[in-house]
Every structure is written in C-alpha cells, then in structure tokens.
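Only one structure is covered here, and it is reproduced in the block below.
Just so it is clear, the model here is predicted, and its values are computed rather than measured. Residue numbers start at 1 and run along the sequence shown.
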Amino acid sequence: MCIGCLHLVSLSLFNLMLGHTRDLSHAQLSSTYYDETCPNVTSIIRGVIDNALLSDPRIGASLLRLHFHDCFVNGCDGSILLNNSDTIESEKEAARNNNSVRGFGVVDDIKTALESACPSIVSCADILTIAAEESVSAAGGPSWTVLLGRRDGTTANRTGADISLPSAVDTLDTLKEVFLAVGLNTTDLVSLSGAHTFGRAQCPTFSGRLYDFNSTGSPDDTLNSTYLETLQGICPQNGNETGLANLDLTTPDTFDNNYFSNLQLENGLLQTDQELFSTTGADTIDIVNSFSSDQSAFFASFVESMLKMGNISVLTGSEGEVRLNCGIVNADSSRSESFLHSSTETRDNTEYKSAI
C-alpha cells in the first residue's frame, strides 16, 4: 500500500473542498494597493516589529511563521488569527499550532497602529504578508516588493490546519506532498525551509531524534554527534521539555544561508530540516548545496517562493472583509476596552512555545 499516495489523495480532495486549486492568477494584487489610502503602512508595521525585537529576538521568525501557517490553510486570508467564538473553531488550537505559533500580540499592536492611522483600510492578511517581509529584512535577509490587496476571511478551519500544515517529523515525501497540494514545488520547499535560518524551537519538536529515534533505541544517525550532545544537554531524557534551541546554531538571529551549510554538517535541528540533505538520492540535496554555496541564489529563490506562497487562494475585491479586529470577524466586533486585542495575546509572553 502506498501510504504517501493515500496521503496525497486525501490532501488533494481536501484542498479541492477548500478551493486551494483555485487558479492562482485569480489574485488581483498590487504593489501600490495602499499608496493612496494608507501610504505609511509598511513603515508603521516595521516600527512595531523593530520595537518588539528589542525584547523578543524570536519575534521576526514567529511573524514569518504566522504568514506561512495562514497561507497553507484556507489560503492567505488571516484565518489563523481568528479566536474561538460561537461560530468559529480557532486554528490557533489545532494540534500543529497550539503552543507553537506565536506573535499574536504584536499583530494586535500593528492593527491598533494602523486603525489609528488609516481606519478600516488594511486587512489582517496583508498585515501578516508585510510583517513577514519586514521581519526577514530586519534580520539581514532580502527585501522585496510585496503585492497587496488581500481581504480577510470570515471563518477558520481547525481541521484543515491539521491536514494541510507540515509537521516537524514528516518524511521528505510527505513534505513534498503537503507543498504540492498548495501549488508549491520542491524548490519552494527547500527555499522556504530556509526560513529556519532564524528563530528557536522547543524540545518536543526535535527530542524524538535524541534518544529513541523511530523506536530504534538510538539517536537519529543523521545528527552530528557533537551537536547531539549539545541538544541532549538542552533536552535531557525525561526532563523538562521547555528548553529552547536555535534553529540555526551558527547565526541564530540572522537571515542568511548558514542554515544550508548546517545541513551539510548534519547540524539541522528538525528532522524535516536534515531530511532535505540526508535523504539518500533526494533531489533536494543539489538545491541545498546550491543555496549553501550561493547566498544570493538562496535569497532570490526565497523571494520567488514567498511571492508564490503569498498568492495562495487569496480573497480580493468584494470577497471577505477587512477585519477591524484581527481576532474577530466584523459581525462579532463591538467597541470595548479590549477591542483590538487577541484573546491569546498574553500567551505570547510565555516561553512555553514548542516551535519558532
């Protein structure tokens, strides 16, 4: 039985229901979308991010990951930001998001600043898109012209989050299937995985590699022995699982191509990272080698892949809405003291987050 084939069929059928197979040319996005209505949108968002980085060096990677996790479920429509309500089952509490995605408080701060400067204009989906680009740029990575004009969805899809999002223990074949299901190819997989050149991950996302990998009784043999000892010190067997490790042990807060050089030395933190290089005969190996030797090539590919990802099943024109509160659809909004704040904002201040 072809388990991978069954997984791909289920993903394809599910995404047909979600509309992920919508022609990507449907997106009517523009780099000048807010030039007249909110000309300072990018500088406002960058200002909030720069302020957040002063106390939280992880926040850039976290904001980039929010955009990724948003686009893979229902398309880039801000659905990951919606809180639980009488009619919405939040994606935040899906198994692959709960105690993992973070940065909601910063998104709230951005929305507050934008509502003050240009009320009811900038969508939450576009906030995530701009914040991702500005976070990469702030960390020394490439900058690019962001296409804008997304509208916000009015529903979330928790089940979709558990089906459409990759996990840290997926095989390379499964990763390819997950990316292909949203129109992204193998090069996109490798270049977007390069986002792990900054950020942190908590023990549960990689501790399965350290002691009894795949029930072998031994550590993952694709993990450098020196690096293994370091990680075992951070995550002792049967110990506290709240330890954090840098996704890139070389330059953990800088967006560069060292992530790929780490893979060549078997210093990839997550199983899904190392499999890009250590899977025998994989076509991803040559891509890793190329990006490791040429940072400009990585940056160019990363930008192209980000633009493709940011165009997945977007809502434009009269579709969706521009949420006044990123955590609440407009029909449920009310002017209260906590109007512009996510119900999970306080959780961003805790270290109990299992990934980036």
Please answer whether the main-chain N or O of [Y] pairs with a side-chain N or O of [X] as donor and acceptor at a distance below 3.5 Å.
{"X": "D152", "Y": "A125", "answer": "yes"}
{"X": "E115", "Y": "S120", "answer": "yes"}
{"X": "R65", "Y": "G199", "answer": "no"}
{"X": "S164", "Y": "A161", "answer": "no"}
{"X": "R209", "Y": "L269", "answer": "yes"}
{"X": "S135", "Y": "A131", "answer": "yes"}
{"X": "N262", "Y": "N258", "answer": "yes"}
{"X": "D162", "Y": "T159", "answer": "no"}
{"X": "D294", "Y": "S296", "answer": "yes"}
{"X": "R151", "Y": "E319", "answer": "yes"}

Check your understanding: How are the rings of F291 and F260 set relative to one another: parallel (under 30°), tilted (30 to 60°) or perpendicular (over 60°)?
Key ->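 Geometry flag for F260 against F291: perpendicular rings.
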How about [X] and [Y]: does a side-chain donor come under 3.5 Å of a side-chain acceptor?
{"X": "Y34", "Y": "D126", "answer": "yes"}
{"X": "K111", "Y": "N325", "answer": "no"}
{"X": "Q274", "Y": "T222", "answer": "no"}
{"X": "D256", "Y": "T197", "answer": "yes"}
{"X": "R158", "Y": "N98", "answer": "no"}
{"X": "Q271", "Y": "D220", "answer": "no"}
{"X": "S167", "Y": "D170", "answer": "yes"}
{"X": "S79", "Y": "D77", "answer": "yes"}
{"X": "S123", "Y": "R150", "answer": "no"}
{"X": "S218", "Y": "T216", "answer": "no"}

Point to revise | Candidate pair N311 and L147, rule side-chain contact (heavy atoms from CB on, under 4.5 Å), full reasoning | key: CA-CA 9 Å; N311 206 31; L147 300 179; over 6 Å; no
Supply the atom-to-atom distance [X] [atom1] to [Y] [atom2], rounded to the nearest 0.5 angstrom.
{"X": "L128", "Y": "L64", "atom1": "CG", "atom2": "CG", "result": "10.5 Å"}
{"X": "T279", "Y": "L175", "atom1": "OG1", "atom2": "CG", "result": "9.0 Å"}
{"X": "Y227", "Y": "E266", "atom1": "OH", "atom2": "CD", "result": "12.5 Å"}
{"X": "D332", "Y": "N83", "atom1": "CG", "atom2": "CG", "result": "10.5 Å"}
{"X": "I287", "Y": "F298", "atom1": "CD1", "atom2": "CZ", "result": "12.5 Å"}
{"X": "I285", "Y": "T280", "atom1": "CD1", "atom2": "OG1", "result": "7.0 Å"}

Evaluate the side-chain proximity of [Y] to [X]: yes if any heavy-atom separation is below 4.5 Å, no if none is.
{"X": "H196", "Y": "D248", "value": "no"}
{"X": "I163", "Y": "N157", "value": "no"}
{"X": "V136", "Y": "P142", "value": "yes"}
{"X": "S143", "Y": "E133", "value": "yes"}
{"X": "T242", "Y": "Q202", "value": "yes"}
{"X": "F104", "Y": "L81", "value": "yes"}
{"X": "F72", "Y": "L184", "value": "yes"}
{"X": "N185", "Y": "K308", "value": "yes"}

Review point. Are N289 and F277 close enough, and set up right, to give a side-chain contact (heavy atoms from CB on, under 4.5 Å), and what steps lead you there?
Key: CA-CA 8 Å; N289 289 335; F277 185 77; 3.3 Å; yes
Nearest heavy-atom neighbours spanning [X] and [Y]:
{"X": "T145", "Y": "S31", "result": "CG2-CB, 3.3 Å"}
{"X": "I45", "Y": "I127", "result": "CD1-CA, 4.3 Å"}
{"X": "C38", "Y": "I121", "result": "CB-CG2, 4.1 Å"}
{"X": "I59", "Y": "G103", "result": "CD1-CA, 3.8 Å"}
{"X": "L82", "Y": "K92", "result": "O-CE, 3.8 Å"}
{"X": "S191", "Y": "S301", "result": "CB-OG, 3.5 Å"}

Taking a hydrophobic cluster as the set of Ile, Leu, Val, Met, Phe, Trp and Tyr residues connected by side-chain heavy atoms closer than 4.5 Å, whether directly or through intermediates, do [X] and [Y] fall within one such cluster?
{"X": "F255", "Y": "L53", "result": "yes"}
{"X": "V182", "Y": "V190", "result": "yes"}
{"X": "I312", "Y": "L307", "result": "yes"}
{"X": "V106", "Y": "I44", "result": "yes"}
{"X": "I80", "Y": "F179", "result": "yes"}

Review point. side-chain contact (heavy atoms from CB on, under 4.5 Å) between V146 and L29: does it pass, once the steps are laid out?
Key: CA-CA 9 Å; V146 179; L29 305 178; over 6 Å; no
Exercise for review: Run the salt-bridge test on R200 and D253 with the 4.0 Å N-O cut-off and return the result as yes or no.
Suggested key: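 Salt bridge between R200 and D253, a charged N being under 4.0 Å from a carboxylate O: yes.
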Check your understanding: Does the side-chain contact (heavy atoms from CB on, under 4.5 Å) test come out yes or no for S313 and N74, once each step is laid out?
Key -> CA-CA 7 Å; S313 296; N74 283 10; over 6 Å; no
Point to revise | Member of T250, N267, T251, L276 meeting the side-chain contact (heavy atoms from CB on, under 4.5 Å) criterion with Y259 | key: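 It is L276; the other options fail the test.
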